[in-house]
Amino acid sequence: MGTYNRADILRLVEDENVQFIRMQFTDIFGQLKNVAVTASQIGRALDGEIMLDGSSIQDSARVEESDQYLHPELDTFAILPWRPQYGKVARLICDVYNPDGTPFDGDPRNILKRTLKRAENLGYRFHVGPELEFFLFQTDEEGRPTVKTSDEAGYFDLGPLDHGESTRREVALALEKMGVAVEASHHEAAAGQHEIDLKYTDALAAADNIMTFKLAVKTLAQKNGLHATFMPKPIQGAAGNGMHVNMSLFRDGRNLFYDEGGEQKLSLLARQFIAGLLDHARGFCALTNPVVNSYKRLVPGYEAPCYLAWSEANRSALIRIPDPRGRGTRVELRSPDTACNPYLVFAACLAAGLDGVARELTPPPAVAGNLYAMTSAELAERGIRCLPVSLDAAVQAMEADRVVMEALGPYAVRYAARKRQEWEEYRTQISQWELDKYLTNC
Ligand code: GLU
Ligand code: MG
């Protein structure tokens with residue numbers, strides 16, 4: 001942070017012949033929003049004078065307090081590489097402020113900043129490296145998305161089997177141009193499924209980077225006549241889209257999760273953080289897995305977690321400790337899916353981990369075996385509980401979790417209410433499966 005100052009931005013707009021600046025922010029449900037201003041307005045934009053009507057955004061401000069202001073984060077200035085290079089378009093990621101100059105409680109970026117501040121006061125910097133999975137599907141003659149793919153590739157395959165290779169490459173190049181460091185990209189297990197891993201960075205930049213990534217993937221797929229989706233489980237019987245979150249706490253450039261002499265070379269802090277995550281994983285599930293469809297991914301057999309357990313290498317566990325130690329020591333949380341709002345997920349994970357540290361929790365023993373293969377009796381014997389099996393159960397668990405509710409602040413209640421409504425809407429649907437199963441049998 002601290003790369004650009006005001007004069008730098010004014011100069012960049014001028015030198016690069018930028019015509020439009022998109023002032024971007026994210027709503028509480030993880031939807032990216034923006035308002036474009038012309039280059040002549042850049043001074044006002046940098047002074048935080050660009051307004052929005054918050055009441056027009058789903059579950060955002062109330063009508064009587066709807067005027068809000070966008071305060072851009074200067075370091076997020078980037079030129080959108082996929083827009084025309086004559087008359088360029090730049091973007092600035094913004095915080096949302098109330099007219100009285102206070103940060104807006106329903107702004108997820110503000111929610112994350114608040115939690116990061118708490119960590120900072122304890123001397124911790126929270127680092128995050130996300131692994132992002134998505135599908136590229138074909139569109140029909142009218143340009144509507146389908147769930148078809150002509151790609152028959154699998155894990156780590158390459159062209160000509162991999163038909164999304166060039167889109168994935170374009171995304172990685174666009175991200176690099178925008179200052180987002182890409183660590184790796186590859187074809188994933190399911191046909192038409194891809195993964196891009198971003199280099200770890202501080203959590204706020206990581207969440208901003210994920211929003212940039214999603215926009216780049218959607219836009220470049222569309223340019224190539226494909227439809228990109230972050231839907232958690234678009235195809236029954238195939239792997240779903242995870243967003244594994246690799247986390248660590250740093251102080252003075254040192255990774256505090258590493259301890260050469262510790263059990264598994266993990267520090268006590270890391271173990272308490274893991275215990276905190278396990279303790280609140282049910283409570284933050286409505287955030288990590290925010291839609292009805294999320295719960296169709298959290299089933300045995302597809303390397304997505306279902307049980308509250310941790311392990312060193314086992315991909316069936318909720319938390320895994322990837323091999324690197326030293327500076328690269330990290331805790332990988334495997335439940336989040338790419339439909340989540342990354343700002344809220346990072347805030348909740350950090351609050352959960354810090355709660356484990358504050359209460360000096362001890363994690364249960366790491367599990368070595370394949371959890372999918374264990375019977376319910378074996379799971380019960382080891383005291384291993386399940387993640388919520390539906391959005392409904394997740395919302396209930398969230399409402400009962402004081403740490404998660406407090407991390408979200410006043411907007412937690414609205415978030416839960418909206419998610420419950422989404423569940424109620426789903427609950428009353430009659431699916432094809434039900435008709436096939438019961439129409440003649442009942
Ligand atoms: N696609 C799997 C999931 O749903 C993860 C596969 C992997 O280990 O990368 O989380
Ligand atoms: Mg993967």
Side-chain angles (χ1 to χ4, degrees), residues 1 6 9 21-37 41-77 91-121 126 202-212 214-215 284 286-287 290 340-351 398-399 402-419 421-422:
M1 291 277 153
R6 185 189 163 91
I9 306 276
I21 297 103
R22 292 196 185 176
M23 307 287 282
Q24 293 182 348
F25 59 98
T26 302
D27 77 8
I28 196 96
F29 300 105
Q31 248 347 294
L32 187 65
K33 304 273 175 187
N34 83 171
V35 51
V37 298
Q41 300 301 305
I42 185 67
R44 282 185 58 232
L46 295 178
D47 289 340
E49 287 177 18
I50 304 301
M51 284 173 65
L52 74 137
D53 172 5
S55 67
S56 306
I57 293 169
Q58 200 181 38
D59 283 304
S60 203
R62 289 189 292 268
V63 198
E64 61 279 16
E65 52 180 42
S66 55
D67 280 346
Q68 291 173 319
Y69 291 86
L70 295 173
H71 288 200
E73 179 97 66
L74 301 188
D75 279 343
T76 64
F77 181 88
R91 72 93 205 265
L92 279 163
I93 296 178
C94 305
D95 292 322
V96 183
Y97 272 71
N98 298 313
D100 67 2
T102 55
F104 172 48
D105 280 333
D107 173 11
R109 213 169 179 271
N110 170 31
I111 292 171
L112 176 56
K113 276 186 165 179
R114 224 173 33 213
T115 318
L116 290 172
K117 187 87 211 147
R118 268 183 51 212
E120 210 180 295
N121 290 340
F126 184 43
D202 72 273
L204 186 65
D208 286 343
N209 288 347
I210 293 171
M211 297 314 293
T212 305
K214 285 187 170 183
L215 181 65
F284 58 60
L287 302 171
C340 75
N341 179 336
Y343 298 98
L344 300 186
V345 166
F346 299 166
C349 288
L350 178 58
M398 178 175 153
E399 285 171 329
R402 188 188 45 82
V403 168
V404 173
M405 292 299 275
E406 278 178 17
L408 252 65
Y411 273 73
V413 176
R414 283 203 213 183
Y415 182 93
R418 170 66 59 169
K419 289 293 155 188
Q421 196 181 336
E422 195 171 322

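Along the sequence shown, the residues carry numbers beginning at 1. Excluded from the calculations below are hydrogen atoms, water molecules and symmetry mates; all remaining heavy atoms, backbone and side chain alike, are included.
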- Taking ring pair (Phe, Tyr, Trp, His ring centres under 6.0 Å) as the test, write out the residues that go with Tyr69, two or more places apart. none

- Message: Is a donor from one side chain sitting under 3.5 angstrom from an acceptor on the other, for Asp208 and Tyr343?
- Response: yes

- Locate the shortest heavy-atom distance separating Ala207 from Phe346; write the atom from each residue and the value. N-CE1, 3.7 Å

- Should the pair Arg114-Asp107 be classified as a salt bridge under the 4.0 Å nitrogen-to-oxygen rule? no

[atom1]/[X] to [atom2]/[Y] distance, rounded to the nearest 0.5 angstrom?
{"X": "Leu70", "Y": "Met23", "atom1": "CG", "atom2": "CE", "answer": "5.5 Å"}
{"X": "Arg44", "Y": "Met51", "atom1": "CZ", "atom2": "CE", "answer": "9.5 Å"}
{"X": "Ile50", "Y": "Gln41", "atom1": "CD1", "atom2": "CD", "answer": "6.0 Å"}

[X] (side chain) donor-acceptor with [Y] (main chain) under 3.5 angstrom:
{"X": "Arg91", "Y": "Thr76", "result": "yes"}
{"X": "Asp47", "Y": "Glu49", "result": "no"}
{"X": "Asp27", "Y": "Gly30", "result": "yes"}
{"X": "Lys419", "Y": "Pro290", "result": "yes"}

- Message: Could you check, using the six-membered ring where one of them is a Trp, whether Phe25 and Tyr97 have ring centers closer than 6.0 angstrom?
- Response: no

